[in-house]
Amino acid sequence: MSVRVRFAPSPTGPLHIGGVRTALYNYLFAKKHQGTFILRIEDTDQGRFVPGAEEYICESLAWLGIEPTEGPTYGGKFGPYKQSDRKEIYHQYAFELIEKGKAYYAFDTPEELDLARKSSENDSFKYGVHSRMSMKNSLTLSEGESKTFIDSGDYVIRMLIPTDQDIKINDEIRGEVSFNSNELDDKVILKPDGMPTYHLANIIDDHLMEITHVIRGEEWLSSTAHHVLLYQFFDWNAPSFAHLPLILKPTGKGKLSKRDGAEFGFPVFPLTWARDGEESFPGFREAGMLPNALLNFLALLGWSPGDDKEIMSIDEMVELFSLEKIVKSGARFDIEKANWFNQQYILAMDESLIVEAITNQAIANGYDLTKLPYCVTMMKARVNNLDQILKDAYYLFEKPHQYDNDTFEKKYKPENKSHFNQIANILPEIGDKEAYETCIKSYISDSGCKMGDIFPVLRIALTGILQGPDLFDTFSILGGSEAKERILKLIN
RNA sequence: GGCCCGUUCGUCUAGGGGUUAGGACGCCAGAUUUUCAUUCUGGUAGCACGGGUUCGAUUCCCGUACGGGCUACCA
């Protein structure tokens, strides 16, 4: 049987970075086994539906290069791939469970359930084996009473959890995990609006779509017992389960979430999410992160190939990937390491592609595009994300905004003023790095002044700061008259 | 609170009954560079604790502690 895995996000907003990793692992696993990677949209909660979220998910996967081959916009013969389009299917199976005596109607109002919870100790109320007979449902009410509720459509369907049963799950990552059914609640599987809950929809779809491996976050581990039971109710074979460790906040206190980006100062979404009248979130793409660097970093957050290999292409990851190598414990998100990966990818990237990538930014700033290739050559080893190049090297395109006065005062000796004037005057109008280097160095040796007195000041004159690319490269890209102007401006 | 899962340098991890416990990020130092960055070299730092099992446990078992997840008519 060929491997079929699915990534099943719900369109409630932008796709979180943890979701991206789940998608990645599913993708790697599918490719590794020449299987199929499927996208399924889990939009059973109409109240949480966010327009544009589905498009965002697809765009993110496309940007990262881990696209599904089956899904809403990708086609496939197991559709529809959006759960809201499968409502009737779930109905049919929910009623089948009622007929089989594996589920029942419940009529308790949300207020009544709330009350039951609040009046229990520590909110320990559970709608299950010990409490269902004192609640309002088709098990406790007369047939007539039940029928009245059912006819009015005011009901939910709950799964009937068996008593005293051990449910064992053989997780691909964690090994055997077991639950006792007495601790499980009678989960709602069909809501009053006619939509299924995640639990029902999920197992029906996985079965119908012939999913062989369910690879998802650890937050699902607890409810897997319910899912296994549901498979048993239907007499279906359950797929294999693999529950991934969670990606934690940098502090380790809790899983990384939506607003942690603002809290810790880095994106937690692949693409920027900005909608009118909505809270917006920055994305890695817009922050200058390369998709393969992000993937590489994410892959290693919870998995390792078993040796010391760290920089890997997607193909290499596919080759090396295995569920057994996935780590069991949660991993903190470390932006420093993500930046390092990005830097490595920038260093290895073809320079013409970098130029291409930052051209729009240069146009927006009104910069001279002919300088871009040279600028990239000079700057690429000095940044760890793409949009930092033009931010850091703005002085190659416009006059310095400000000067490092402390250093200037420390390095500039008024008695050298004439030397700077001289240098400014002998600069060739155009020339390569060597031309400027020869010109200035020979002046220095002829005049007997010290490099240490001259270079730092020239650097500040040209760029405003002390650190940056090679001084003579900077002269070359700026040209003689611009350099002269900047030198004269500073020393006068 | 209950149930479930986890715990190797600050972080991501390799390893696994006998190892100088390995790598990477970060940090520190040195080399290179007119500066910064890159690159290179070196350094810092770890098996949560307590009991077993064993000739020997970081590794296996049991507890404890700590951390995380779930505990909805959300996914």
Side-chain angles (χ1 to χ4, degrees), chain A residues 8-12 42-45 47-48 83 106 108-110 113-114 117 120-127 155-158 169 171 173-175 177-180 182-185 187-193 195 197-199 201-202 216-225 243 245-246 248-250 252-255 297 300-311 325 327-341 343-344 347 378-384 392 407 437 440-441 444 450-452 454-456 458-460 463 465-472:
Chain A
S10 58
T12 55
E42 310 230 328
D43 56 348
T44 55
D45 186 350
R48 294 212 307 156
Q83 292 185 327
D108 318 84
T109 64
L113 292 172
D114 235 36
R117 269 179 215 112
S120 66
E121 273 178 67
N122 316 314
D123 287 353
S124 63
F125 172 78
K126 200 178 294 160
Y127 206 122
Y155 65 85
V156 298
I157 294 179
R158 286 181 182 272
I169 298 157
D171 191 88
I173 296 169
R174 283 150 218 286
V177 179
S178 67
F179 296 85
N180 186 279
N182 294 353
E183 272 132 22
L184 270 29
D185 61 336
K187 285 235 181 299
V188 169
I189 54 174
L190 200 75
K191 298 183 273 189
D193 65 359
M195 286 300 251
T197 57
Y198 170 86
H199 308 291
N202 160 69
R216 68 206 334 180
E218 194 191 343
E219 69 264 35
W220 294 110
L221 186 55
S222 308
S223 51
T224 305
H243 287 95
L246 266 15
L248 274 18
K249 300 175 196 289
K253 299 247 177 269
K255 55 177 174 176
F297 166 67
L300 260 16
L301 218 52
W303 171 78
S304 88
D307 57 18
D308 293 337
K309 201 166 175 51
E310 290 217 289
I311 301 287
K325 286 298 200 183
V327 171
K328 295 181 177 69
S329 49
R332 301 184 195 200
F333 191 92
D334 179 10
I335 192 64
E336 297 284 350
K337 187 131 188 188
N339 287 337
W340 177 80
F341 271 104
Q343 185 176 55
Q344 295 304 305
L347 248 14
M378 289 160 58
M379 293 301 294
K380 71 169 189 170
R382 282 166 238 272
V383 295
N384 54 31
D392 283 358
T407 307
E437 184 163 7
I440 294 170
K441 280 188 173 167
I444 289 174
K450 288 200 266 289
M451 294 202 300
I454 304 297
F455 287 157
L458 289 178
R459 188 173 276 290
I460 289 174
T463 71
I465 51 174
L466 206 54
Q467 57 273 42
D470 186 277
L471 184 57
F472 306 108

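Each chain gets a letter, A, B and so on, in the order the sequences are listed, and its residues count up from 1. Quantities reported herein were computed from a predicted structural model and do not represent experimental measurements.
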* To do: State which of B:G15, B:U38, B:C73 makes the closest approach to the side chain of A:A381.
  => B:U38
* Asked: Within the structure shown, what part of the strands sits under 4.0 Å from A:G254 by heavy-atom distance: base, sugar-phosphate, or nothing?
  -> sugar-phosphate
* Mate of B:G67 where both pairing distances stay under 3.5 Å, Watson-Crick or G-U -> B:C5
* Asked: Whom does B:A29 pair with, Watson-Crick or G-U wobble, provided both distances fall under 3.5 Å?
  -> B:U41
* Minimum-distance nucleotide to A:S10 side chain [options: B:U34, B:G22, B:A75] -> B:A75
* With the side chain of A:A331 defined as its heavy atoms from C-beta on, choose the nearest nucleotide among B:A37, B:C12, B:A14. => B:C12
* **Over 12 non-hydrogen atoms of neighbours within 6.0 angstrom of NZ in A:K309** => yes
* Asked: For A:V327, which contact category applies under a 4.0 Å heavy-atom criterion: base, sugar-phosphate, or nothing?
  -> sugar-phosphate
* Structure fact -> Among B:G69, B:C73, B:G15, the one nearest any side-chain atom of A:P192 is B:C73
* Please evaluate the base of B:A24 for a donor-acceptor partner in the side chain of A:K337 within a cut-off of under 3.5 Å? => yes
* Asked: Base, sugar-phosphate alone, or nothing: which one does A:K309 contact when heavy atoms must sit under 4.0 Å apart?
  -> nothing
* Provide, to the nearest angstrom, the distance between the CZ atom belonging to A:F472 and the P atom belonging to B:U35. => 11 Å
* Asked: Does any donor-acceptor pair link the side chain of A:R174 with the base of B:C5 at a separation under 3.5 Å?
  -> no
* Are any of the side-chain nitrogens in A:R48 or A:D45 under 4.0 Å away from the carboxylate oxygens of its partner? -> yes
* Asked: Short question: side chain of A:K255, backbone of A:G330 - any donor-acceptor pair under 3.5 Å?
  -> no
